Number of protein chains: 2
Amino acid sequence: MASANEQDLSLKLFVVLSRAVQSVMKRVEEDIKNYGLNPTEFAVLELLFNKGDQPIQKIGEKILLASSSITYVVDKLEKKKYLIRKPCPKDRRVTYASITPEGQELMSTIFPEHKEALQEIFGGLNAEEKENMIKKLKKLGFHAQEL
Amino acid sequence: MASANEQDLSLKLFVVLSRAVQSVMKRVEEDIKNYGLNPTEFAVLELLFNKGDQPIQKIGEKILLASSSITYVVDKLEKKKYLIRKPCPKDRRVTYASITPEGQELMSTIFPEHKEALQEIFGGLNAEEKENMIKKLKKLGFHAQEL
DNA sequence: ATAATAAATCTCGAATTCGAGATAATTTAT
DNA sequence: ATAAATTATCTCGAATTCGAGATTTATTAT
């Protein structure tokens, strides 16, 4: 059994993590909202922009979203003309999401801006601190995932 | 202007942070769901349990929730008999949320269990790593908040 | 070859959160 | 003392996410 101090330390880490993430995400959302997108839409476009066409199923796996939610987001992006659905000829169960030229143009403009915004948002830490935090967060994330 | 490497590091930190938090939160939600609560309900009860009666307004400030959302959560907890609303006699605009004996009993049972669960979820890091992460997350959070 | 199983996508309804605005009470300024 | 501004809470509708289940297609087992 963990000592009271160890437990309190974990509790504190949980609280501090929640707060910090809330502050960070708020800024990130503000940034993305400037582009007329929400974080999920941005994540989907970023995936298609950087990794090419994806089966709708795969998108859900990569950005950790339920299939019904993906349908919703892809619908919205299709209405905005940033992507189109393309049926897969080999497997008629599958539909690809494919970024349009409009989507490409949008992303090639805003992705660099987004990276600058992230650079500012994470400006509280220097490079070494970021490297270290990445390492520790991976450890933490893997452990939590495997429970 | 930040170098490409610095920007990529921030982007990577953002991605890793998002993933890690997603894994952690998923476990925490599973834990809390066992108690028949969602994370927001738990946060409200925890506040009342540890800090005593609170004006509804204050709850929103402490757990960072919009006033309309607080009304919704307090309604739910009141239906579950874990808290009651008490009008403030000094200022008739104010309503206190007050934990009931049932709520006290619930929290005194599940709060220790919750701390044990957190101890497991954060078990990927040792005490020193947690201390360090708390320090860095505070830096990160304050910086992001002040932008 | 047929039946059972699995996989991909979608539909639907519920849960949660937000923002805008309504209402009522208090405080501040004139 | 009255008017104006502020504060606390709530109502309402929109946005987003989920899970359960429906539908269609493909794969596996008999």
Side-chain angles (χ1 to χ4, degrees), chain A residues 18-19 21-23 25-30 32-33 35-45 47-48 53-80 82-98, chain B residues 18 21-23 25-30 32-33 35-45 47-48 53-80 83-98:
Chain A
S18 303
R19 295 288 166 127
V21 165
Q22 211 159 3
S23 296
M25 291 305 169
K26 191 165 178 179
R27 295 304 165 210
V28 173
E29 281 179 32
E30 281 172 10
I32 290 176
K33 195 165 293 174
Y35 316 138
L37 300 172
N38 70 32
T40 309
E41 293 170 328
F42 187 88
V44 171
L45 279 186
L47 178 66
L48 301 182
D53 298 1
Q54 302 284 327
I56 283 178
Q57 174 80 354
K58 286 278 174 238
I59 299 175
E61 289 167 18
K62 302 237 177 140
I63 69 176
L64 303 181
L65 214 55
S67 70
S68 51
S69 307
I70 289 292
T71 298
Y72 173 75
V73 177
V74 169
D75 280 351
K76 282 180 57 191
L77 287 171
E78 202 169 24
K79 277 192 196 105
K80 291 180 180 176
Y82 291 144
L83 67 74
I84 54 169
R85 283 178 163 89
K86 288 183 178 171
C88 171
K90 309 234 176 163
D91 185 338
R92 286 166 41 197
R93 292 171 304 181
V94 173
T95 303
Y96 286 100
S98 177
Chain B
S18 303
V21 166
Q22 212 159 1
S23 296
M25 292 304 169
K26 190 165 178 179
R27 295 303 165 210
V28 173
E29 282 178 33
E30 282 171 9
I32 291 176
K33 195 165 294 176
Y35 316 137
L37 299 172
N38 71 32
T40 309
E41 293 170 327
F42 186 88
V44 171
L45 278 187
L47 178 65
L48 302 182
D53 298 1
Q54 302 284 327
I56 283 179
Q57 174 79 356
K58 287 278 175 235
I59 300 175
E61 289 166 18
K62 301 239 176 137
I63 69 175
L64 304 180
L65 213 55
S67 69
S68 49
S69 308
I70 289 293
T71 299
Y72 172 75
V73 177
V74 168
D75 280 351
K76 281 180 55 191
L77 288 171
E78 201 169 25
K79 276 191 198 107
K80 290 181 181 175
L83 66 75
I84 55 168
R85 283 178 164 88
K86 289 182 177 170
C88 171
K90 309 235 174 159
D91 184 338
R92 286 166 40 197
R93 293 170 303 181
V94 173
T95 303
Y96 286 100
S98 178

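None of these values were measured; they are calculated from a predicted model. Residue numbering restarts at 1 for every chain, and letters A, B, ... go by the order of the sequence lines.
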Peer 1: Look up atom NZ in A/K86 and atom CD1 in A/I56, then write down how far apart they are to the nearest 0.5 Å.
Peer 2: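 Reported to 0.5 Å precision, the distance equals 13.0 Å.
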Peer 1: So, under a plain 3.5 Å distance rule, would you say the side chain of A/R93 forms a donor-acceptor pair with the base of D/dT24?
Peer 2: no
Peer 1: Between D/dT17 and A/T40, is there an OP1 or OP2 to side-chain N/O distance shorter than 4.0 Å?
Peer 2: yes
Peer 1: Using every non-hydrogen atom in the two residues, find where A/R85 and A/T95 come nearest and quote the distance to one decimal.
Peer 2: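 Heavy-atom minimum between the residues: CB-CG2, 3.6 Å.
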Peer 1: Could you walk me through whether A/V73 and A/I59 pass side-chain contact (heavy atoms from CB on, under 4.5 Å), step by step?
Peer 2: CA-CA 11 Å; A/V73 177; A/I59 299 175; over 6 Å; no
Peer 1: Looking at B/C88 and B/Y96, what are the two nearest heavy atoms and their distance?
Peer 2: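 It is CB-CE1, 3.5 Å.
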Peer 1: Check for a donor-acceptor pair, side chain of B/E29 on one end and backbone N or O of B/K26 on the other, with a separation under 3.5 Å.
Peer 2: no
Peer 1: If you compare every side-chain N and O of B/K90 against the phosphate oxygens of C/dT26 (OP1, OP2), does one of them come in below 4.0 Å?
Peer 2: no
Peer 1: Nearest 0.5 Å, what's the CD1-CZ distance between A/I32 and A/F42?
Peer 2: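 Separation between the atoms: 5.0 Å.
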Peer 1: Measure CD/A/Q57 against P/D/dT25 and give the value in whole Å, please.
Peer 2: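 The answer, rounded to whole Å, is 17 Å.
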Peer 1: Can you measure A/K76 atom NZ to D/dA14 atom P for me and round it to whole angstrom units?
Peer 2: 14 Å
Peer 1: Could you grab the distance from atom CG of A/L64 to atom OG1 of A/T40, nearest 0.5 Å is fine?
Peer 2: 11.0 Å
Peer 1: Would you say C/dT16 has OP1 or OP2 under 4.0 Å from some side-chain N or O of B/N38?
Peer 2: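 For C/dT16, OP1/OP2 do have a side-chain N/O of B/N38 under 4.0 Å.
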Peer 1: Taking the nucleotide of DNA chain C with the closest heavy atom to each, which residue, A/Y96 or A/K33, is nearer the 5' end?
Peer 2: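 Its nearest nucleotide lies further toward 5', so the answer is A/Y96.
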Peer 1: Round to the nearest Å and state the distance from A/K26 atom NZ to C/dG19 atom P.
Peer 2: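 Rounded to whole Å, this separation is 8 Å.
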Peer 1: Using atom CE of A/M25 as one end and atom P of D/dT16 as the other, report the distance to the nearest whole Å.
Peer 2: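 Those two atoms, CE and P, are 17 Å apart.
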Peer 1: Taking all atoms of both residues into account, what is the closest heavy-atom pair of B/M25 and A/S18, and its distance?
Peer 2: CE-OG, 3.5 Å
Peer 1: Taking it one step at a time, do A/L37 and A/L77 satisfy side-chain contact (heavy atoms from CB on, under 4.5 Å)?
Peer 2: CA-CA 9 Å; A/L37 300 172; A/L77 287 171; 4.2 Å; yes
Peer 1: Can you confirm whether B/L48 sits close enough to B/Q54 that some side-chain heavy atom of one is under 4.5 Å from a side-chain heavy atom of the other?
Peer 2: yes
Peer 1: Take the protein atom CD1 of A/I56 and the nucleotide atom P of D/dT25, then report the distance between them rounded to whole Å.
Peer 2: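 Distance, rounded to whole Å: 16 Å.
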Peer 1: Quick check on contacts: within residues 58-75 of chain A, what sits under 4.0 Å from DNA chain C by heavy-atom distance?
Peer 2: A/S67, A/S68, A/T71
Peer 1: Without decimals, in angstroms, what is the distance between A/D91 CG and D/dT27 C1'?
Peer 2: 10 Å
Peer 1: Considering only D/dT16, D/dT9, C/dT9, which nucleotide approaches the side chain of A/P55 most closely?
Peer 2: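 That would be C/dT9.
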Peer 1: Can you tell me how far P of D/dA8 sits from NZ of B/K86, to the nearest Å?
Peer 2: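 For the pair B/K86 NZ and D/dA8 P, the rounded distance is 20 Å.
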Peer 1: Starting from C1' on D/dT16, measure out to CZ on A/F42 and report it in whole angstrom.
Peer 2: 19 Å
Peer 1: Do the side-chain N or O atoms of A/R92 get closer than 4.0 angstrom to the phosphate oxygens (OP1, OP2) of C/dA7?
Peer 2: no
Peer 1: Which angle, to the nearest 10 degrees, lies between the helix axes at the two ends of the helix from C/dA1-D/dT30 to C/dT30-D/dA1, each defined by five pairs?
Peer 2: 20°
